[in-house]
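Computation of the quantities below employed the complete heavy-atom set of this structure, encompassing side-chain atoms and omitting hydrogens, waters and symmetry-equivalent molecules. Both ligands and their constituent atoms are indexed starting at 1 by order of listing.
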Amino acid sequence: MSRLLVLGAGGHGKVLAEAAEASGRWDAIAMLDDRHSLLNGSLRWPVIGSIDDCSVFSSEWSDAIVAVGHSVTRLRWLEMVESLGFAIPVVVHPSAWVSPSAKIAGGTVIMANATVQADARLGRGCIVNTGASVDHDCRLGAGVHICPGVHLGGEVVIGDGSWLGIGCSVIHCRTIGCEVMVAAGATVIDDIEDGMTVAGVPAREIISRRNKS
Ligand SMILES: CC(=O)SCCNC(=O)CCNC(=O)[C@H](O)C(C)(C)COP(=O)(O)OP(=O)(O)OC[C@H]1O[C@@H](n2cnc3c(N)ncnc32)[C@H](O)[C@@H]1OP(=O)(O)O
């Protein structure tokens, strides 16, 4: 029997669990969250324990996936559940289009109405969120979050841990470094170096609270 544990029962966890459920791939779905005593019974899936309880469930639950927005935590927890013997699936909502030639690493989720085109390569623990598109030959590193409604042209390269805010676009053949933040609604027309936060049309570096601290 194929049974999926979702680590994290926040907003992203709910959306991920619904995508997994809609895919029809699992016989059972449950969640883990440190607020389980508060959350259990309030969601459509049982919240059966805290994150630290994970090892207890490894004999009965075959698969695990991490539903937290913070990419470093997401990748760390994926490593942890894999070391405990869980299989780390790719979750694809049935309304998404994923090219048969795309290659997607475990722990990545493709949400409703998203598109991943021919020969795209997506690393571990990525999120391609609602209605986003990743076009042909794109290369996404580990832990990249493509927010709802983002569009990437063909052959875009994105480094580990980068986060592309809701509704932004990147023209074809551009390279975005690691740990980059692209603001909501921005249009990226140049390559972006590691660690930068950019906003606007065309996207330019901004001093965000993240860079100030
Ligand atoms: C399912 C889901 O919910 S997925 C999540 C979806 N959410 C998002 O995509 C959120 C996207 N977040 C943003 O765009 C944010 O504004 C960030 C991360 C880029 C910047 O946030 P902060 O670090 O808090 O920056 P802060 O608010 O201090 O703004 C810094 C400057 O950039 C400007 N700025 C911030 N965001 C934008 C934007 N999207 N476009 C243009 N300018 C912007 C601000 O006006 C400010 O300018 P000023 O210094 O001239 O006053």
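For Ile65 against Thr108, the heavy-atom pair with the smallest separation is CD1-O, 4.3 Å. Taking both residues in full, the closest heavy atoms of Val116 and Ala102 are given as CG1-CB, 3.8 Å, listed atom of the first, atom of the second, then distance. Gly153 and Asp135 get closest at one heavy-atom pair: C-CB, 3.8 Å.
Heavy atoms of Ile166 found under 4.0 angstrom from ligand 1 belong to the backbone as well as the side chain. Looking at Ala184 against ligand 1, both its backbone and its side chain come within 4.0 Å, counting heavy atoms. Under 4.0 Å from ligand 1, the heavy atoms of Met181 that appear belong solely to its side chain.
We find that Lys103 and Asp119 are not joined by a salt bridge, their nearest charged nitrogen and carboxylate oxygen being 4.0 Å or further apart.
Shown are Met80, Met31, Arg74; of these, the side chain to side chain contact (heavy atoms under 4.5 Å, CB included) with Leu7 is made only by Met80.
Note on ligand 1: Ile207 sits in its first shell, one or more heavy atoms being nearer than 4.0 Å. At a 4.0 Å cut-off, at least one heavy atom of Pro148 sits close enough to ligand 1 to count as contact.
Around atom 43 (C) of ligand 1, the closest heavy atom drawn from Ala186, Ala199, Gly165, Cys147 belongs to Ala199.
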